[in-house]
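In what follows, a structure is listed as structure tokens, so that the remarks can point back to it.
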Amino acid sequence: MDAMNLHLMLPEIYLVLLGLVILIADLYLAPEKRFNLGWWTAGGLSVLAVWLFATPTPETVEFAGFGLYRADGFALFMKKVFALTGILVAVMSTGYLKRYGRGPGEFFSLVIFALTGMFMVASVNDFMSLFVSLELVTLCLFILAAYRRHDKLSGEAGIKYIIVGAMAAGLMLFGMAFIYGATGEVRFTYMGADGQLVLLSQTVANLESGWQMTALFGFTVLLVGLGFKVAAVPFHVWVPDVYQGAPTPVTAFLSVGSKAAGFILIIRVITLVVPTIAPGADLALVDQLVKLFALIAGLTLFYGNLAAIPQKNLKRLMGFSSIGHAGYLLLGIVAVLAMKAAGEETMNGVSAIAFYLFAYVFTNMAMFIGMVIFTQGSEDSHAIDDYAGLGKRAPLLALCMTIALLSLAGVPPLAGFFGKFYLISSIVEAARLDGYGWLLVLAAAGAVNVVISMYYYLCVVKRMYMLEPTSDEPIHLPPPAKIAMVACIVLVVVIGIFQGPFVQMATGVLATLGF
Amino acid sequence: MEPIFHDLLAAGGGHAVAFYACSAVTIAAAILMVMKKNPVASVMWLVLSFIGLAGIYVTLQSYFIAVIQVLVYAGAIMVLFLFVIMLLNLRREDIAKMELPKVPFAGVIAAILFFVSVFLVIKASTPAFEKPVDALLGEPALAGDSVRAIGIPLFSQWLLPFEITSVLLLAAIVGAVALTKKKL
Amino acid sequence: MEIHIAHYLIVAGILFSIGLVGVVVRRNAIVVLMCLELMLNAANLVFVAFARMHGNMQGRIFVFFAITVAAAEAAVMLAIIIAVYRQRETVNTDDMDIMQG
Amino acid sequence: MHLSLATLIILVPALTTLLLFFVPAKKVQVVRWLAAGGAFCTVIISITMMATYDKAVGGWQFTQVVTWVEDLGISWNVGADGISVAMLLLTSLVIMAGTLVSFKVTDRPKEFYILLMALVTGVFGVFAGRDMFFFYFSYELAVIPMYLLIGVWGSTNKEYATMKLTLFLTAGAVVALIGLLLLYWHTKEFFDANPALLEAFRNAHPDFSDATSSSFNLLQVQYAAKHAMEMGGPASREFFSLGFQLWVFPLILLGFGAIAPMWPLHTWSPGGHAAAPSAASMLHAGVLMKLGSYGIIRIGLTCLPEGAAKILPIVAALCMMNIIYGGMVAMAQKDLKFVIGYSSSSHMGYVLLGIASMNVIGLNGAVFLMFAHGIMTALAFGLIGWFYDQTHTRMLPDLGGLAKQIPFIGVCFTIMALASAGLPGFANFASEFMVLIGSWQEAVRGNSWFFLYTILAVWGIVISATYLLRAARWAFFGPLNPCWEGKIKDADTWFWRAPFIMLIAALVLFGCYPKLLIDVIATGTGPIVDIIENARQAVAGIK
């Protein structure tokens with residue numbers, strides 16, 4: 001444990017170097033060639049993705065960076081998700097930036113640095129790295145959200161995002177300080193005095209009740225801070241404005257990357273720091289968290305989906321829908337917590353979240369690539385009415401966006417369907433535990449929201465197919481973006497039909513979740 | 001310098017006096033920072049608040065942190081703030097009026113709730129926090145709050161977050177330039 | 001008169017709450033940023049106090065990172081503020097309401 | 001790899017859908033004939049299944065099991081028992097007729113057929129599925145294409161109707177999903193607690209020799225339910241207790257009842273039928289509505305028999321609302337499609353009544369009626385679609401005397417109305433008669449409410465005769481509305497007549513010789529009645 005083990009961190013090192021190469025190459029390239037940096041980025045990230053997918057899932061947890069970095073199955077899985085996200089963001093940004101016409105070097109290097117942060121987030125094993133890496137992610141995203149600096153919306157999005165983001169950082173820091181105060185330790189796993197590996201959750205479990213109370217307060221505040229990052233109600237206020245104002249590729253990046261990073265951290269904190277309590281013991285600590293999260297999950301589901309209904313702007317609608325999806329992912333968290341409260345270590349919730357995120361990447365990215373293609377001019381507005389008659393103007397684009405929307409709504413045989421199925425299944429499993437029968441209400445909420453979300457997604461589909469187009473201008477589909485979009489859609493269908501290998505990938509992360 | 005502080009604090013009641021004085025300054029300055037309508041005045045009060053906070057760090061015998069607090073916060077960051085305020089040359093009417101419409105009202109309640117919950121947690125866990133701080137003054141673990149004592153773990157055990165921070169600062173620089181440079 | 005760790009925590013709680021109020025109440029983006037800095041500092045104080053109690057270094061080192069992050073965040077936020085100011089000659093968050101839900 | 005017939009009947013429309021994607025949209029004839037070819041293959045397959053189903057052996061035949069998602073215990077687990085065979089035959093006949101009728105569709109025919117084939121893939125999946133996940137998956141798959149089919153190709157308030165329909169059916173599906181998931185986890189707990197039974201299950205079913213405790217396999221759930229119920233009294237036992245069943249059965253009932261459609265969840269159906277294009281409403285009323293009652297029989301009755309025994313007698317009262325209220329409303333309608341729409345909801349009441357009477361003849365009658373009503377209503381919507389395409393109105397007052405212009409359609413429509421009204425010689429008569437006898441038997445057995453239900457149900461038949469014959473008379477007989485003079489074409493070639501003749505032939509064949517189908521159905525319903533009979537004895541006396 002007490003070694004740097006640099007070889008485990010090669011993906012991150014590779015990413016930093018890639019970012020630096022892009023940054024420096026930008027200086028030496030002719031201005032008109034600079035936009036090719038997007039292809040450099042996509043290429044570099046593709047190499048990384050292939051590398052990650054070729055890496056076998058580790059059987060045991062390996063530590064690097066003096067025990068501050070853990071290389072385990074969950075981290076590897078999430079890094080795959082991030083690498084794919086990065087590639088797709090790079091592909092859709094290239095055309096977008098060409099139209100916008102400025103700053104490709106900085107843009108792509110920031111995307112890569114944000115990815116570096118996400119990679120670190122996936123592997124953190126202590127609160128310090130957690131804080132610093134998460135801030136690296138959000139800092140890059142602040143800048144990217146405000147990147148269209150001559151656009152009022154973008155600036156507004158940047159300011160709103162940074163205020164909320166910094167507030168969340170403050171809350172997280174405050175919470176971590178209290179957990180540190182209770183335990184005297186910021187590492188999730190560390191060598192105890194007797195040379196044994198200790199899990200921070202064991203330390204918390206062994207504390208006296210006053211300190212446990214302190215730790216519980218710390219968890220709550222920390223998780224509230226993370227709630228901002230994943231856009232859980234009532235910490236969602238920034239989402240619609242930031243989603244609408246940020247450049248569309250950045251919105252896509254936010255909706256997948258930032259959310260996944262937040263959920264990774266919640267899972268890490270829950271599995272490594274929140275104690276598992278043996279049956280019969282005093283449940284107070286974790287039980288409170290179950291109730292808190294169940295409430296938040298229910299509110300998030302209903303708020304996100306209900307507020308999406310009256311939206312007139314597609315980006316804003318996607319923002320609210322992403323709140324709804326955060327609600328679904330929180331169902332998995334509740335399931336994990338309830339299992340923990342009952343003293344069981346089965347973590348179907350985690351693999352459900354992992355699967356859902358994996359499916360969500362392709363679905364959401366296909367949708368956003370479609371939106372980037374749709375805006376032909378340099379302006380970046382997305383009134384839903386503009387999409388009227390898209391089925392006639394650009395059949396392929398409309399088909400892909402429809403499939404993406406239906407997958408988001410959870411319709412078979414698409415990836416989103418199985419994701420929701422898996423999550424609701426995990427919460428029903430938790431509801432079977434003694435004393436947690438009320439979780440069925442949450443499962444019902446998840447089910448009801450399938451119907452609500454179906455409504456507003458279908459409203460968009462309706463405009464595309466059932467209304468007449470408002471303009472006859474043909475829509476040109478640039479080949480790279482088109483290929484990326486179609487590839488995503490094919491994957492959405494493939495994952496939806498042949499879930500087996502992907503579920504196996506998602507359950508594979510469970511083995512190394514602990515030590 | 002450390003021994004001087006140490007002796008002062010160790011003197012009967014010195015620690016308590018120092019704590020209360022510094023806390024009073026910090027809190028009062030913080031309140032004034034929020035209340036002042038002119039951002040320049042706010043910055044000044046914030047600087048004072050941070051200096052007070054540095055004083056509190058001293059009573060905790062974290063001398064090096066106290067120095068950093070003054071240097072980085074009061075020195076560098078606040079100068080940056082002042083610089084931006086001057087640069088933007090805000091017109092008088094733009095200097096925000098403070099008002100309490102409905103939404104901020106909820107925020108005030110949230111803040112009060114937050115403080116109450118901190119207070120309740122502290123009250124509930126009192127036995128755990130019982131150790132008086134001035135009794136710790138002579139404990140050997142704390143004698144090493146020197147640059148060396150912080151530097152060695154920082155560059156060995158905690159090297160990883162340190163390296164991430166370097167990327168973070170690079171990203172911040174790139175971003176700040178990308179957002180503000182006139183011609184890009 | 002003995003000073004306990006609890007005293008420090010209460011000071012931190014007060015500072016954090018003042019910061020929170022400021023973030024919500026103030027309309028000037030720069031002042032909001034200052035309030036955010038205050039919140040981070042409150043958290044720092046908790047760390048230092050607990051580091052003192054546990055007698056280990058981790059809390060203090062954490063504070064270093066927190067200060068660094070706060071500095072970087074301040075730089076970026078000021079950059080965004082400048083960019084926004086150039087578009088619309090204001091840094092008042094109340095005026096930022098182009099987007100409506 | 002050997003593919004069983006049950007697999008084939010799902011894969012054929014799925015492959016047709018996929019192939020249609022790659023046919024250029026301009027080659028309309030290719031698209032049409034490809035779809036018709038696919039549909040024809042399913043007819044061949046389902047008739048083969050019908051002919052080769054071994055009634056002496058009974059149970060599940062044509063089975064195939066392929067692991068799908070190993071970690072969760074999901075498999076491609078298909079087969080057909082007596083009930084499935086009847087339903088698969090129904091589906092293939094209706095889709096055959098539907099594709100032929102839809103040759104008239106000129107607006108984006110490629111997309112139309114893709115959606116139609118995707119929908120029918122889902123329907124086949126439900127009827128042949130033996131895995132709860134696969135069942136649910138197929139069920140949802142069948143719901144969504146309908147949204148676009150109605151929304152794009154429909155008429156009469158289509159946007160509202162299609163959204164309402166989709167949301168209702170999705171809501172039903174997710175309610176049922178929670179019930180299915182509860183069953184899944186409950187079964188897992190049961191097998192975890194009784195590993196010996198898991199071993200016994202594996203040995204008893206060579207197909208599932210590697211089954212684990214977590215499984216969506218319907219057979220495994222039924223096995224668990226059966227053995228759990230032998231382990232103690234309904235109230236006291238640990239697994240599948242009466243309390244559990246009283247929780248889960250309503251979820252299944254409501255979930256599938258929404259599509260059945262059970263009163264008061266039926267409100268989506270008439271509007272949906274009216275808005276849908278011909279082929280869609282044929283499939284919708286003919287087949288999709290049967291998914292609901294099929295789900296209740298297949299999952300509700302077999303896995304939760306005690307819950308069913310307690311709740312179904314109460315539900316029978318709702319069936320009366322279906323029959324009487326649906327019939328009364330149908331009488332007041334002016335729009336011909338609404339008449340048929342409400343009549344569908346009324347006839348589905350008989351199906352539910354048959355299920356609720358929980359005896360051999362009632363259940364056989366219910367399944368047979370599902371078949372007969374499916375064919376009949378598909379015929380009705382196909383015929384209405386035929387002249388609606390030309391008249392662009394279905395309002396009865398605007399029509400009249402059409403038989404002079406389109407004699408073939410008129411004759412077919414009259415036959416349909418007579419069949420639907422329960423004229424002997426048609427499948428509807430035989431099946432409704434069986435349902436009534438079943439209901440009467442239940443009454444004789446001691447549930448005296450069923451006397452009332454039976455009498456009301458007989459009246460329901462009278463009502464349905466009234467409105468159907470009235471509609472037929474109004475639309476086709478009497479003086480011809482002069483504005484249609486020479487404007488509408490009859491189905492004058494054998495090609496256009498084929499679908500209608502095929503459906504009428506099926507009605508007559510099974511009406512005159514019901515034994516052909518009932519013998520097959522009985523092999524499927526027999527074991528279910530046994531299960532439920534045991535459960536009724538177990539819960540008798542428990543309040």
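Proteins get letters first, then strands, A, B, ... in listed order; numbering begins at 1 in each. Values reported hereafter were calculated over all heavy atoms of this structure, with side chains retained and with hydrogens, waters and symmetry mates removed.
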Choice from I80(C), V23(C), L45(C) maximising heavy atom contacts with chain B below 4.5 Å: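 Most heavy-atom pairs under 4.5 Å with chain B: L45(C).
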
Please rank V31(C), V69(C), L38(C), V48(C) by heavy-atom pairs under 4.5 Å with chain B and give me the top one. V48(C)

Is [X] in contact with chain C via its backbone, its side chain, both, or neither, using a 4.5 Å heavy-atom distance?
{"X": "I27(B)", "result": "both"}
{"X": "F162(B)", "result": "both"}
{"X": "L80(B)", "result": "both"}
{"X": "S49(B)", "result": "side chain"}
{"X": "I56(B)", "result": "both"}
{"X": "S42(B)", "result": "both"}

Side-chain touch [X]/[Y], heavy atoms, less than 4.5 angstrom:
{"X": "Q58(C)", "Y": "W158(B)", "value": "yes"}
{"X": "N44(C)", "Y": "Y57(B)", "value": "yes"}
{"X": "I65(B)", "Y": "F64(C)", "value": "yes"}
{"X": "L87(B)", "Y": "I82(C)", "value": "yes"}
{"X": "R60(C)", "Y": "S62(B)", "value": "yes"}
{"X": "V21(C)", "Y": "F114(B)", "value": "no"}

[atom2] on [Y] to [atom1] on [X], rounded to 0.5 Å:
{"X": "E37(C)", "Y": "M78(B)", "atom1": "CD", "atom2": "CE", "value": "5.5 Å"}
{"X": "K36(B)", "Y": "N28(C)", "atom1": "NZ", "atom2": "CG", "value": "15.0 Å"}
{"X": "Q61(B)", "Y": "R52(C)", "atom1": "CD", "atom2": "CZ", "value": "4.5 Å"}

Looking only at heavy atoms, what is the nearest atom pair of [X] and [Y], with distance?
{"X": "A74(C)", "Y": "F81(B)", "result": "CB-CE1, 4.2 Å"}
{"X": "A79(C)", "Y": "A176(B)", "result": "CB-CA, 3.8 Å"}
{"X": "C35(C)", "Y": "V34(B)", "result": "SG-CG2, 4.2 Å"}

When the ring centroid of Y8(C) is compared with that of F19(B), is the distance short of 6.0 Å? yes

Segment of I10(C) engaging chain B (4.5 angstrom heavy-atom cut-off): both

Please classify the contact between I61(C) and chain B as side chain, backbone, both or neither, with a heavy-atom cut-off of under 4.5 Å. side chain

Check against side chain to side chain contact (heavy atoms under 4.5 Å, CB included), L154(B) and F65(C): CA-CA 10 Å; L154(B) 186 62; F65(C) 292 121; 3.7 Å; yes

Any chance the side chains of Q69(B) and N41(C) put a donor and an acceptor closer than 3.5 Å?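 Yes, because at least one side-chain N or O of Q69(B) sits under 3.5 Å from a partner of the opposite role on N41(C).
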
The side chain to side chain contact (heavy atoms under 4.5 Å, CB included) partner of I68(B) among T68(C), V63(C), I67(C) is I67(C)

Hey, does the side chain of R86(C) reach the backbone of T180(B) with a donor-acceptor pair shorter than 3.5 angstrom? yes

